[in-house]
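Okay, so here's the structure we're looking at.
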Protein chains: 2
Amino acid sequence: MTMSAPDPFAVWLPLARAQKTILTAVEAALKQAGLPGLDWYDLLWELECAGDAGLRPYELQEKLLLPQYGVSRLADRLARAGYLTRQDCSGDGRGQVLLLTPEGARTRAQMWEVYAAAMEPAISSNLSTGEARRLAELLGKLLRPAPADKI
Amino acid sequence: MTMSAPDPFAVWLPLARAQKTILTAVEAALKQAGLPGLDWYDLLWELECAGDAGLRPYELQEKLLLPQYGVSRLADRLARAGYLTRQDCSGDGRGQVLLLTPEGARTRAQMWEVYAAAMEPAISSNLSTGEARRLAELLGKLLRPAPADKI
DNA sequence: GTGATATACATGCAAATGCATCTAAATGGA
DNA sequence: TCCATTTAGATGCATTTGCATGTATATCAC
């Protein structure tokens with residue numbers, strides 16, 4: 001039996017398309033609800049997970065896969081909205097610690113409702129429980145560190 | 001045997017993360033090669049597929065999952081770069097037909113080399129042939145039309 | 001210590017994006 | 001035919017992004 005070579009694009013094309021489709025749907029739902037976008041959600045969520053310890057911007061940069069200036073300015077906007085505070089970092093004069101405010105937590109909770117509601121039909125209606133589990137598993141494998149292509 | 005409910009986020013989170021990771025890697029490779037980004041590639045590719053018939057902007061809008069103004073301006077840039085031409089549309093005075101130029105085709109071919117080379121390690125090194133096939137299949141299911149959430 | 005390098009974060013400027021709106025041509029009724 | 005509605009596409013304006021660079025502190029070699 002001949003096994004066709006694993007065409008990376010057979011994976012990439014539907015992957016990109018599925019991501020874009022779902023992303024668009026969720027962003028539309030959030031906007032319609034008068035809530036911020038997913039990038040705000042992700043940052044708020046990480047801060048909530050971090051609790052009282054807060055997070056340094058460079059930590060968020062890794063967690064969110066954002067460029068350094070991306071985190072810097074995203075945090076700016078969140079701070080202006082009153083969703084986080086910047087605190088001088090004891091022990092590192094260059095740095096700062098970002099902390100979630102109660103209002104930030106409230107907004108994240110509101111967003112979660114909309115987020116989950118928009119996600120559910122986009123995914124659950126097209127996959128069985130077993131398929132979803134298998135898909136998540138395969139995507140997880142895809143995320144393993146690539147073999148040192150960083151220069 | 002109890003079957004855990006299908007958590008949509010168990011799929012969405014790695015999906016989004018995998019897409020972003022691979023996208024970033026490919027964009028970086030293209031940039032380093034002094035070539036345009038993936039959005040240009042996608043448009044060039046569709047035009048190449050369309051051949052001499054070309055494509056109407058509204059057709060690209062559907063194929064590329066872009067907003068109307070997105071296609072309008074992307075086409076502007078491609079036209080300024082000499083990669084496509086806009087032709088008045090016989091039969092619809094409002095419309096136009098976008099046609100690939102030879103230079104556009106050449107650039108797309110160059111991009112393809114870099115694109116494919118960057119994609120390969122990101123995907124093939126983490127998945128077996130069978131896994132890749134299964135993953136592509138599951139992602140395909142995910143792309144089925146959602147149950148009428150359009151307003 | 002002192003100087004060189006590396007790390008953390010900010011920012012000016014140009015380009016891209018989102019949103020609302022505009023024009024023009026097509027379609028559909030009466 | 002005439003008017004109302006829909007569709008194709010462009011564009012002004014505000015926001016966001018990307019890129020390069022700037023500033024300040026930390027770390028390391030000596």
Side-chain angles (χ1 to χ4, degrees), chain A residues 20 23-43 46-47 54-81 84-99 150-151, chain B residues 20 23-43 47 54-81 83-99 150-151:
Chain A
K20 196 167 191 171
L23 183 75
T24 300
V26 174
E27 292 283 16
L30 287 169
K31 180 158 314 175
Q32 175 166 344
L35 291 167
L38 273 185
D39 47 352
W40 288 42
Y41 183 89
D42 291 341
L43 180 30
E46 293 296 343
L47 285 189
L55 281 175
R56 301 280 300 267
Y58 77 88
E59 295 175 302
L60 281 164
Q61 187 178 331
E62 295 160 6
K63 288 177 187 293
L64 303 179
L65 303 180
L66 286 177
Q68 180 267 318
Y69 55 80
V71 173
S72 178
R73 296 203 263 222
L74 182 55
D76 263 359
R77 283 170 238 143
L78 278 278
R80 275 200 295 275
L84 62 81
T85 57
R86 298 163 182 268
Q87 199 171 81
D88 277 1
C89 181
S90 71
D92 189 337
R94 300 165 300 181
Q96 60 190 239
V97 176
L98 304 182
L99 290 165
K150 300 293 175 191
I151 306 175
Chain B
K20 198 167 190 170
L23 183 75
T24 301
V26 174
E27 292 282 15
L30 287 170
K31 181 158 315 175
Q32 175 166 345
L35 290 167
L38 273 185
D39 47 351
W40 288 42
Y41 183 87
D42 291 341
L43 179 32
L47 285 189
L55 281 176
R56 301 281 299 266
Y58 77 88
E59 293 175 302
L60 281 164
Q61 188 178 331
E62 296 161 6
K63 287 176 188 290
L64 303 179
L65 304 179
L66 288 176
Q68 180 267 319
Y69 56 80
V71 174
S72 178
R73 297 204 263 221
L74 183 55
D76 262 0
R77 284 171 238 142
L78 277 278
R80 275 199 295 275
Y83 294 164
L84 63 79
T85 57
R86 298 166 183 267
Q87 199 171 81
D88 278 0
C89 181
S90 68
D92 189 338
R94 300 165 300 181
Q96 61 192 242
V97 176
L98 304 181
L99 290 165
K150 298 295 176 192
I151 308 171

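These numbers were taken from a predicted model, which means no experiment stands behind them. The sequence lines fix the lettering, A, B, ..., with proteins before strands; numbering per chain opens at 1.
- Counting heavy atoms from C-beta on, the side chains of B:L38 and B:V26 come closer than 4.5 Å.
- Computed from coordinates, the B:E27 CD to D:dT17 P distance equals 15 Å when rounded to whole Å.
- Atoms CG and CG, from B:L84 and B:L98 in turn, are 5.5 Å apart once rounded to the nearest 0.5 Å.
- Rounding to the nearest 0.5 Å gives a distance of 7.5 Å between CG of B:L64 and CG of B:L74.
- Note that the CG atom of B:L60 and the CG atom of B:L47 stand 5.5 Å from one another [nearest 0.5 Å].
- One can place CG of A:L65 at 15 Å from P of D:dT17, the figure rounded to the nearest angstrom.
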Contact list (N/O, under 3.5 angstrom) for nucleotides 14-16 of chain D vs protein:
none

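- At whole-Å resolution of the value, CG in A:L30 and C1' in C:dG18 are 15 Å apart.
- Atom CG in A:L35 sits 11.5 Å away from atom OH in A:Y41 (nearest 0.5 Å).
- Straight-line distance from the CG atom of B:L66 to the P atom of D:dG9: 14 Å, rounded to whole Å.
- The CD atom of A:Q32 sits 13.5 Å away from atom CD of A:E27, with the distance rounded to the nearest 0.5 Å.
- B:L64 has its CG atom 13 Å from the P atom of C:dT17, to the nearest Å.
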Side-chain atoms of residues 85-97 of chain B: list all donor-acceptor pairs with protein atoms under 3.5 Å, sequence neighbours left out, distances to 0.1 Å.
from, atom 1, to, atom 2, distance (Å)
B:R86, NH1, B:Q96, OE1, 2.6
B:R86, NH2, B:S72, O, 3.4
B:R86, NH2, B:D76, OD1, 2.4
B:D92, OD1, B:R94, N, 3.0
B:D92, OD1, B:R94, NE, 3.0
B:D92, OD2, B:R56, NH2, 3.4
B:D92, OD2, B:R94, NH2, 2.9

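- B:L84 has its CG atom 13 Å from the P atom of D:dG9, to the nearest Å.
- Interatomic distance, CZ of A:R77 versus CG of A:L43, reported as 10.0 Å (0.5 Å rounding).
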Review item, nucleotides 7-10 of chain C N/O atoms under 3.5 Å of protein N/O:
from, atom 1, to, atom 2, distance (Å)
C:dT7, O2, A:R94, NH1, 2.7
C:dA8, O3', A:R56, NH2, 3.3
C:dC9, OP1, A:R56, NE, 3.1
C:dC9, OP1, A:Q96, N, 3.3
C:dC9, OP2, A:Y58, N, 2.8
C:dC9, O3', A:Q96, NE2, 3.2
C:dA10, OP1, A:R86, NH1, 2.7
C:dA10, OP1, A:Q96, NE2, 3.2
C:dA10, OP2, A:S72, OG, 2.6
C:dA10, N7, A:Q68, NE2, 2.9
C:dA10, N6, A:Q68, OE1, 2.9

